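First up is the structure itself, then whatever we jot down about it.
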Amino acid sequence: MLKNRFQSKYLQRILVSVTLFMCTLLVASTSFIYYGAEKRVLGMQVDANKKMMSQVKHNLTYMNEIIHNLSFNLFNDHELIPLIDGRDNDMMDVIRANDRLLKVLNSSSFLHSIVVYNSQIQDMYAVGHDGLETKNSPLATPLLHYLMTEKSIPRMQLIPMNLSQPDHGVDFFSFVIFSSYDSYQTDQSALILNVNPEWIYTNLKAVNDLAVPQSVVFLTDREGNVFLSGRPEEELLSPAARRELTETLKGYNEPLGTFRIKDGNSTFFATTMSVGMYDWRVVSLQPYDALVGVIKEMRTATIMAVIGFLLVSVAVSVWISRRLYAPVDRMMQQIHTAKGAGEGTSYPIRDELTYVTESYHQIKRMLRAIQVEKEGAMQIVSNYYLRRLIADCRSFREDDFLQCRQQSGWRILPHGAYLLAVLRIDDYSALTAVTPDSRLRLYQFAISNIAAELFADHYPCECVQMNNEHSVLLFSLKQDDETSRLTATSVLIRLQEIVADYYKLSLTIALSERIEDYRGISDAYAAALHYSTHRLIFGRGRIFSRSMVESNLMQEETGFPADVEKKLGDGLRRNDRAQIEQSVTELFRHLRTFHIDHIQHGLLHLVQLVRTTLKEINGKRVHSIPYDWSSANRKILEQETLEDSRQVLLDICGSIGDKTVNMEQEKNRALMDTVKSIIEANYADMNLSLQSLAYMLRLTPAYVGKLFREVEAQSVSDYINEVRLNQALVQLETKPLSIKEIMERIGYSSESTFFKLFKQRYGVTPKEYRLKKTLEPTSRK
């Protein structure tokens, strides 16, 4: 059972999905509750800290106002004036002043001591603390030094004073009042009220313990330095954490704010508020774990509850999954059994639904293949009967026609009139030479489908491919004859445009006359095919109908003008291209007036005319001009238009002319090569001339001279002199003969003529040339 369950991938997916959904939902909800509770607890703590700090702020402000008023009153008290400004004070005045100070000191619980500094005698009077009673007391000496040397003592502000132990908090807070409203000068007397730090701390601690237990509260200055704390901060924070706290507070400008301090593995939650005077800030520091301790306990309880719930939910999900999977399991067993799989065979795909889907698509593909095969067979049969109906409708009885229409699903109506259109692809021969058969079949299929779709909006129709070159469109008429033809013509024009745009093909279309019933389809098809042959006269891409070709069909047999044929022959004999083109154009103009059935005969007649003329030309030549006339006949008959045929005939005539010119040029070249060989072999003959050469060749001197000049671009006599003078150079350089002997050996009898020609050609006389060649080796050495 477990093995089968492990093979049930979809069942596993259901189990995992249900379990993961419950786990995700539970974890998300509990996490939301936990973090929401944590945020709420911190918010409540911030509110409590705010209330506490507000109370501390109020107490400090109230205390500051009392000290301010008290110091102002004392400074202006007439009993204290002798102590403040007198030089030689009477003992009784001093006693009365001390009594006055003691009364004030005893009436206030927050005063530590009162000090009067007399700048006139640079001494001070103090009450309230043993360390200030005499000038040499532990606290008096540094305080007196401070008053005598410090020049920036704040006026009427609490100043933290640490005189005894600089590293352990403040001794008292001094409130200094002096007569100047500007900055303090060392020659001024002052009244100093020292506030007991224990009183401020007790006040801070009382408020803090009441509002925020398990926390420490302290005061800092504007630089973040702690000057009043419930306990030394080193007991709470490490040096690094203290520095971090100082740096954070130093740049803190908000009236109220919170932040966290990391100290090793511990985290502290800090709340700070501006006191509103002297740039002091009150700071409350609490261990973060103490704040969220309740939350952690709640988290532990929640995790235990979640684990218990998940154990129960897994059991429930197994039960639900089995119930949900039961129909799938039965379906899989049925499919598995139907495929003949063995018992316990695992599924070859990742899950059951995929297996079912693949099985379904496999069956669907098999059914589709069977359906396509069946439809293909039915379409083949339908096309066969439709082609047979078009080509030989008389072999169909009316019952046979109706039965074929019903079984094949033809859309044409069983009764009524029809029209038929023959669709021919232009330049089909050229297209077959560069296009694969598969693409040609695609073209025919596309043209048939497009035609059927266009006509389906207007007429019930069928389109079938009769052969590779053309298809036939047969459609039933619903309107009168004239309206039907106009509509059909507009649709056929649209068909030509679509085929030209998408497939870059041109279509010639022939539209039949009205067919009254199915028995006239074959005759209409033959007539439409005959109409389409008029493409030869009118060109490609036309839509032919009987009205368009009727004038040609009325033509009787005719022939070509004899004078034009004679001009063509004369042009071929003289190789006159202009006359040939003019004669061929005139002959084809007459050919357009022929009956369509006689045009091919006329084309063959023109080819035969050229052939006869070439035969006459060859009869007068030593070497005949060859030409493949069977290929010429086939090529000119294969053309779809008379313009193409005219161009083919012009190409034939041009080819014959080119061959004539080439053979003539080869003959002339051979004759000139012979003349040059005779001259090079007989240049020493003094009687060698154009006349002697013509006599040797049995030709007239004028013909030889003209032809030599045309081929070699110089006269015969010039070439003879060129050969003789070249030989003179050779003999002057290589043979120790006199110039006269050399002249006679190369065929000159007149010395003056030889010298004149030599100097004219080389710029020096023969003697000068020989001397120059003799001196050249010496100069090189």
Side-chain angles (χ1 to χ4, degrees), residues 427 429-430 533-539 552 555-672 697-700 702-704 706-707 710-711:
D427 289 323
S429 299
T533 59
H534 286 75
R535 176 176 62 183
L536 189 63
I537 300 174
F538 296 99
N552 180 266
Q555 292 287 343
E556 296 182 357
E557 186 174 356
T558 184
F560 295 104
D563 58 335
V564 181
E565 290 184 354
K566 184 177 182 301
K567 286 182 181 179
L568 177 61
D570 293 342
L572 286 170
R573 293 183 188 94
R574 296 196 305 271
N575 195 20
D576 188 345
R577 299 297 177 91
Q579 184 173 341
I580 291 173
E581 184 171 359
Q582 182 181 1
S583 301
V584 169
T585 302
E586 183 67 19
L587 289 170
F588 269 84
R589 187 178 65 80
H590 284 281
L591 187 60
R592 291 180 182 276
T593 64
F594 283 20
H595 189 284
I596 188 66
D597 295 338
H598 302 152
I599 288 181
Q600 288 190 345
H601 175 72
L603 291 172
L604 293 176
H605 174 75
L606 293 178
V607 176
Q608 185 61 34
L609 176 62
V610 176
R611 182 177 183 181
T612 301
T613 304
L614 181 60
K615 187 175 181 181
E616 293 176 3
I617 295 172
N618 287 335
K620 298 177 182 180
R621 297 176 62 88
V622 178
H623 300 288
S624 298
I625 300 174
Y627 203 84
D628 185 3
W629 293 106
S630 60
S631 175
N633 290 332
R634 184 179 68 255
K635 188 173 183 180
I636 201 167
L637 292 177
E638 286 177 350
Q639 304 307 308
E640 293 183 349
T641 65
L642 286 180
E643 180 60 29
D644 295 339
S645 300
R646 186 184 77 86
Q647 190 60 47
V648 170
L649 187 62
L650 287 174
D651 292 342
I652 293 172
C653 295
S655 176
I656 292 172
D658 292 341
K659 289 182 178 180
T660 302
V661 171
N662 291 337
M663 292 183 68
E664 194 69 27
Q665 290 176 349
E666 290 176 3
K667 183 186 74 172
N668 293 341
R669 172 56 63 184
L671 179 60
M672 292 305 100
L697 296 172
R698 303 292 190 269
L699 297 172
T700 64
Y703 176 74
V704 175
K706 178 183 178 181
L707 190 60
E710 289 177 354
V711 175

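A quick note: this is a predicted structure, and the numbers were derived from the prediction, not measured.
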Task: Selection residues 587-605 - residue pairs positive for salt bridge (charged side-chain N to carboxylate O under 4.0 Å, His left out), sequence neighbours left out - done: Glu586-Arg589

Task: For Arg646, all residues meeting salt bridge (Lys or Arg N to Asp or Glu O under 4.0 Å), sequence neighbours excluded - done: Glu643

Task: Closest approach of Cys653 to Val610 (non-hydrogen atoms, all atoms of both residues) - done: SG-CG2, 4.0 Å

Open item on the list: So, taking the atom named CG in Leu536 and the one named CD1 in Ile599, what distance separates them when rounded to the nearest 0.5 Å?
Closed with: 5.0 Å

- [ ] Not counting sequence neighbours, which residues clear ring pair (Phe, Tyr, Trp, His ring centres under 6.0 Å) with Phe594? List them please.
- [x] Phe560

Task: Minimum heavy-atom distance between Thr641 and Arg535, given as atom pair plus value - done: CG2-O, 3.5 Å

Open item on the list: As an exercise, state the distance from OG of Ser583 to CG of Leu606, rounded to the nearest 0.5 Å.
Closed with: 11.0 Å

Task: For Gly654 against Arg577, the heavy-atom pair lying closest together - done: O-NH2, 3.4 Å

Open item on the list: With rounding to the nearest 0.5 angstrom, report the CG to CZ distance, Leu642 to Phe538.
Closed with: 10.0 Å

Task: Any donor-acceptor pair under 3.5 Å from Thr612 side chain to Gln608 backbone - done: yes

- [ ] Report the distance from atom CG of Leu649 to atom CD of Glu581, rounding to the nearest 0.5 Å.
- [x] 11.5 Å

Open item on the list: I need the Leu614 CG to Leu609 CG distance, nearest 0.5 Å.
Closed with: 11.5 Å

Task: Heavy-atom pair of closest approach, residues His590 and Pro561 - done: NE2-CG, 3.3 Å

Open item on the list: Tell me if the aromatic rings of His601 and His598 count as close, with their centers under 6.0 Å from one another.
Closed with: no

Task: Contact summary for Gln639 and Ser645, nearest pair of heavy atoms - done: CB-OG, 3.4 Å

TODO: In plain terms, say whether Lys566 and Asp563 are close enough for a salt bridge, that is, a side-chain N and a carboxylate O under 4.0 Å apart.
DONE: no

- [ ] For Lys567 and Asp570, run salt bridge (Lys or Arg N to Asp or Glu O under 4.0 Å): C-alpha distance rounded to whole Å, both residues' side-chain angles, the deciding distance at 0.1 Å, then the answer.
- [x] CA-CA 5 Å; Lys567 286 182 181 179; Asp570 293 342; over 6 Å; no

Open item on the list: Please give me the minimum heavy-atom distance between Leu591 and Gly602, naming the atom from each residue.
Closed with: CD1-CA, 4.0 Å

Open item on the list: Once rounded to the nearest 0.5 Å, what's the spacing between atom CD1 of Ile636 and atom CD of Gln647?
Closed with: 11.0 Å

TODO: Would you confirm whether Asn552, through its side chain, and Ile596, through its main-chain N or O, come within 3.5 Å as a donor-acceptor pair?
DONE: yes

TODO: Decide yes or no for Leu637 and Leu604: does some side-chain heavy atom of the first lie under 4.5 Å from some side-chain heavy atom of the second?
DONE: yes

